Colleague: 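The structure that follows is given in the form of structure tokens.
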Amino acid sequence: MTDKELVLKAIEAMKNSYSPYSDFKVGSALLTESGKVYTGCNIENVAFGPSICAERVAFFKAISEGEKNFSKIAVVGGKGGIISSSTPPCGVCRQVMREFCSDDFEILIVRENENYGKVLLQDLLPYSFKPEILSK
Ligand code: THU
């Protein structure tokens, strides 16, 4: 699975976004170390609070299927599904990534069309509260 293929899967997943309140559609594609891909989209709710981001949907699908090791995630978003700028993962999603991924976990953030930039989790969430801290 190339980075480009992962990005295309995120773009495809964005089409399933349920976002009648923001009209901001987000898609994600999470690659496991074994080469499997779990996709996600944002799913909103009339009560707002129960809404969930595309990244967490992909993670929770994967975790619930027994996956534990992840190498990268592609994220894409845009108003009305039009990709015109980057959609960096929100703080809550970064913390969820922190739970299951190491510092070198890669986040591919689509900018426009199929162009993307790559950042590491250690740069998205530096000096983080992580599971190892509780085991000390
Ligand atoms: N959203 C995501 O799915 N991922 C992010 O990292 C940022 C925000 C969603 C949540 C909400 O449905 C919409 O984008 C607007 O905030």
Side-chain angles (χ1 to χ4, degrees):
M1 170 72 45
T2 65
D3 285 358
K4 188 83 173 193
E5 286 169 336
L6 198 65
V7 162
L8 290 176
K9 284 190 179 292
I11 292 173
E12 193 60 31
M14 182 174 66
K15 294 177 187 160
N16 292 326
S17 165
Y18 177 77
S19 41
Y21 307 105
S22 71
D23 191 36
F24 194 85
K25 299 180 188 301
V26 185
S28 68
L30 174 65
L31 181 67
T32 68
E33 281 180 3
S34 62
K36 219 169 155 190
V37 176
Y38 291 84
T39 60
C41 64
N42 56 329
I43 304 170
E44 299 182 345
N45 186 280
V46 64
F48 286 20
S51 301
I52 186 168
C53 294
E55 298 92 318
R56 273 176 286 150
V57 169
F59 266 96
F60 295 160
K61 279 168 72 177
I63 298 291
S64 68
E65 295 292 324
E67 301 287 352
K68 288 190 177 66
N69 302 305
F70 306 102
S71 59
K72 59 187 78 173
I73 190 170
V75 185
V76 60
K79 196 86 178 165
I82 309 293
I83 308 162
S84 58
S85 62
S86 304
T87 300
C90 81
V92 174
C93 290
R94 294 179 196 204
Q95 186 66 36
V96 167
M97 291 175 195
R98 175 78 284 174
E99 187 71 23
F100 301 108
C101 305
S102 53
D103 280 345
D104 59 355
F105 179 72
E106 295 178 352
I107 298 103
L108 313 179
I109 304 178
V110 181
R111 295 192 197 99
E112 51 179 339
N113 300 320
E114 291 156 24
N115 299 323
Y116 60 90
K118 192 183 286 193
V119 285
L120 299 180
L121 181 56
Q122 65 190 5
D123 299 320
L124 274 191
L125 197 66
Y127 195 41
S128 55
F129 187 61
K130 49 191 167 188
E132 301 80 60
I133 291 175
L134 285 192
S135 59
K136 280 183 185 147

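Residues: numbered from 1 along the sequence shown. As the structure is a computational prediction, the values presented were derived from the model and not from experiment. Whatever order the structure lists them in is the order used to number ligands and atoms, beginning at 1.
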Colleague: I'd like to check which ligand 1 atoms, numbered from 1 as shown, lie under 4.0 Å from a non-hydrogen atom of V26.
Modeller: 1 (N), 2 (C), 3 (O), 4 (N), 9 (C), 14 (O)
Colleague: Taking atom 16 (O) of ligand 1 as the reference point, report whether a protein heavy atom occurs under 4.0 Å from it.
Modeller: no
Colleague: Give yes or no for whether the N/O distance cutoff of 3.5 Å, strictly under, is met between A54 and ligand 1.
Modeller: yes
Colleague: With a cut-off of 4.0 Å, which atoms of ligand 1 are near a heavy atom of P89?
Modeller: 6 (O)
Colleague: For ligand 1 and E44, I'd like to know whether there is a polar contact (N/O to N/O, distance under 3.5 Å).
Modeller: yes
Colleague: Suppose we measure from atom 4 (N) of ligand 1 to each protein heavy atom; which comes out shortest, and what is that distance?
Modeller: E55 OE1, 2.9 Å
Colleague: Starting from atom 8 (C) of ligand 1, locate the nearest protein heavy atom and write down its residue, its atom name and how far away it is, to 0.1 Å.
Modeller: C53 SG, 4.0 Å
Colleague: Before signing off on this row, confirm whether N42 and ligand 1 have an N or O atom pair separated by under 3.5 Å.
Modeller: yes
Colleague: Just to check, does C41 reach to within less than 4.0 Å of ligand 1 when the distance is taken from its heavy atoms?
Modeller: no
Colleague: Can you tell me if C90 contacts ligand 1 (heavy atom of the residue under 4.0 Å from the ligand)?
Modeller: yes
Colleague: Has C93 got any heavy atom lying under 4.0 angstrom from an atom of ligand 1?
Modeller: no
Colleague: Do F70 and F59 have their ring centres less than 6.0 Å from each other?
Modeller: yes
